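Before any comments, here is the structure.
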Amino acid sequence: MATVSPHWDSYTRRILDLLGSQDPIVVQEKTARKLRKAVEDLSPSQLGWNPAAGKWSIRQIIAHLVDTEIVYGYRLRKTLCDPGVAIEPFDQDVWAQKSRYENHSVQDDLNYLEALKAANLDFYRRLSPAEWKIHWMHAERGKESIEHTCKMIAGHDLNHMAQVEAIRKKILAE
């Protein structure tokens, strides 16, 4: 069984606090549309601007959100079919580097995000009340239900949307 580190405990609290009492399905339904609106008037160089060393650009954040939908789409389906399954974490920085996020097309990634979100939201809508309670085991965070995971994804979306908005604000202030 995984031992949850203080890092992951505080991360989980922070992400769930961002969501608050909002409906996680509604939040996720709006993510791609909000991102499209946030980037519609930015140039390719602005989309690739890094706010600080080691921080992602808007382009990289959107690419990360696409990969997150792929990863969690698999995790959720695996959990439904194999309750209690142990699933390994993924190193987002390695994925960013190996997938060359800095070279992605933002428009293509927004299209992918929209399609993947739609598929994953459809998955949620088909779940029975009992299936929302089925859990998986995260190697670093421990036991997580499908319901908890849905909330974490929504909070994760809100976290990255706030980052995109902050980067956008800095870009437009220059």
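Heavy atoms only: backbone and side chains are in, while hydrogens, waters and symmetry mates are out. Since the structure is predicted, the reported quantities are computational estimates derived from the model, not experimental observations.
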Would you please say whether a donor-acceptor pair under 3.5 Å links the side chains of Trp136 and Thr149?
yes
Taking the side chain as every heavy atom from C-beta outward, state whether Leu47 and Ile171 have any pair of such atoms under 4.5 Å apart.
no
Show the nearest heavy-atom pair for residues Leu18 and Gly155, with the distance to one decimal.
CD1-O, 3.8 Å
Would you give the length of the straight line joining atom CD1 of Ile70 to atom CZ of Phe90, rounded to the nearest 0.5 angstrom?
9.5 Å
Give a yes or no on whether a salt bridge exists between Glu102 and Arg59, defined as a side-chain N under 4.0 angstrom from a carboxylate O.
no
Would Tyr124 and Leu76 satisfy side chain to side chain contact (heavy atoms under 4.5 Å, CB included), going step by step from the backbone distance to the final call?
CA-CA 9 Å; Tyr124 293 129; Leu76 292 165; 3.3 Å; yes
List the steps and the verdict of salt bridge (Lys or Arg N to Asp or Glu O under 4.0 Å) for Glu131 and Arg126.
CA-CA 9 Å; Glu131 289 169 332; Arg126 290 190 303 268; over 6 Å; no
What heavy-atom pair brings Met137 and Gly84 nearest, and what distance separates the two atoms?
CG-O, 3.7 Å
Heavy atoms only: give me the nearest Leu42-Gln46 pair and the separation to one decimal.
CA-OE1, 3.3 Å
With rounding to the nearest 0.5 angstrom, report the CH2 to CG distance, Trp95 to Asp91.
10.5 Å
I need the His135 NE2 to Ser145 OG distance, nearest 0.5 Å.
9.5 Å
For Ile62 and Val39, run side chain to side chain contact (heavy atoms under 4.5 Å, CB included): C-alpha distance rounded to whole Å, both residues' side-chain angles, the deciding distance at 0.1 Å, then the answer.
CA-CA 10 Å; Ile62 293 171; Val39 305; 4.1 Å; yes
State whether the side chain of Asp82 and the backbone N or O of Val85 hold a donor-acceptor pair below 3.5 Å, judged by distance alone.
no
Taking every heavy atom of Trp56 against every heavy atom of Pro51, the minimum-distance pair comes out as O-CD, 3.3 Å
In the structure I gave you, are the side-chain heavy atoms of Leu121 and Ile25 within less than 4.5 Å of one another anywhere?
yes
Only one of Leu19, Asp23, Ile15 forms a side-chain contact (heavy atoms from CB on, under 4.5 Å) with Lys151, so which one is it?
Leu19
Ile134 and Glu147: CA distance, side-chain angles, deciding distance, side chain to side chain contact (heavy atoms under 4.5 Å, CB included) verdict:
CA-CA 8 Å; Ile134 295 172; Glu147 180 178 29; over 6 Å; no
Shortest non-hydrogen contact from Ala32 toward Leu110
O-CD2, 4.3 Å
First locate atom OH of Tyr74, then atom CG of Asn120, and finally report the distance between them rounded to the nearest 0.5 Å.
14.0 Å
Out of curiosity, Glu140 CD to Ile87 CD1, how far, rounded to the nearest 0.5 Å?
13.0 Å
Using a strict 4.0 Å threshold on nitrogen-to-oxygen distance, state whether Asp17 and Arg13 make a salt bridge.
no
Heavy-atom side-chain proximity of His148 to Trp132 below 4.5 angstrom:
no
Cluster link Tyr112 to Val164, ILVMFWY, side chain under 4.5 Å:
yes
Only pairs at least two apart or in different chains count here, so list each side-chain hydrogen bond (donor to acceptor under 3.5 Å, both in side chains) that has a residue in residues 152-168.
Arg14-Asn159, Thr31-Asp157, Asp41-Arg168, His64-His156, His64-His160, Lys117-Asp157, His156-His160, His160-Gln163
Exam field: side chain Arg77 to backbone Gly73, donor-acceptor pair closer than 3.5 Å:
yes
Side chain His104, main chain Val106, donor-acceptor under 3.5 Å:
no
Would a 4.5 Å heavy-atom cut-off, applied to side chains only, mark Lys170 and Trp49 as touching?
yes
Just by modelled atom types, is the Val66 backbone N or O under 3.5 Å from a matching donor or acceptor in the Asp109 side chain?
no
So, Arg33 and Glu114, do they make that salt bridge, N to O below 4.0 Å?
no
Quick one about Gln60 and Asn50 (side-chain donor to acceptor, distance below 3.5 Å, no hydrogens or angles considered), yes or no?
yes
So do the side chains of Thr68 and Leu116 get within less than 4.5 Å of each other, counting heavy atoms only?
no
Do the non-hydrogen side-chain atoms of Phe123 and Leu80 ever get within less than 4.5 Å of each other?
yes
Measuring from atom CG of Leu172 to atom CD1 of Ile167, what distance do you get when rounded to the nearest 0.5 angstrom?
12.0 Å
How about CD on Glu40, more than 12 heavy atoms from neighbouring residues, nucleotides or ligands closer than 6.0 Å, or not?
yes
Find out whether Leu113 and Glu69 are in side-chain contact, i.e. whether some heavy atom of one side chain is under 4.5 Å from a heavy atom of the other.
yes
Look at Arg125 together with Glu29 and state whether they make a salt bridge at an N to O cut-off of under 4.0 Å.
yes
Could you go through the side chain to side chain contact (heavy atoms under 4.5 Å, CB included) check for Ile146 and Lys133 one step at a time?
CA-CA 6 Å; Ile146 291 175; Lys133 304 301 180 196; over 6 Å; no
Are His138 and Pro89 close enough that some pair of their side-chain heavy atoms sits under 4.5 Å apart?
yes
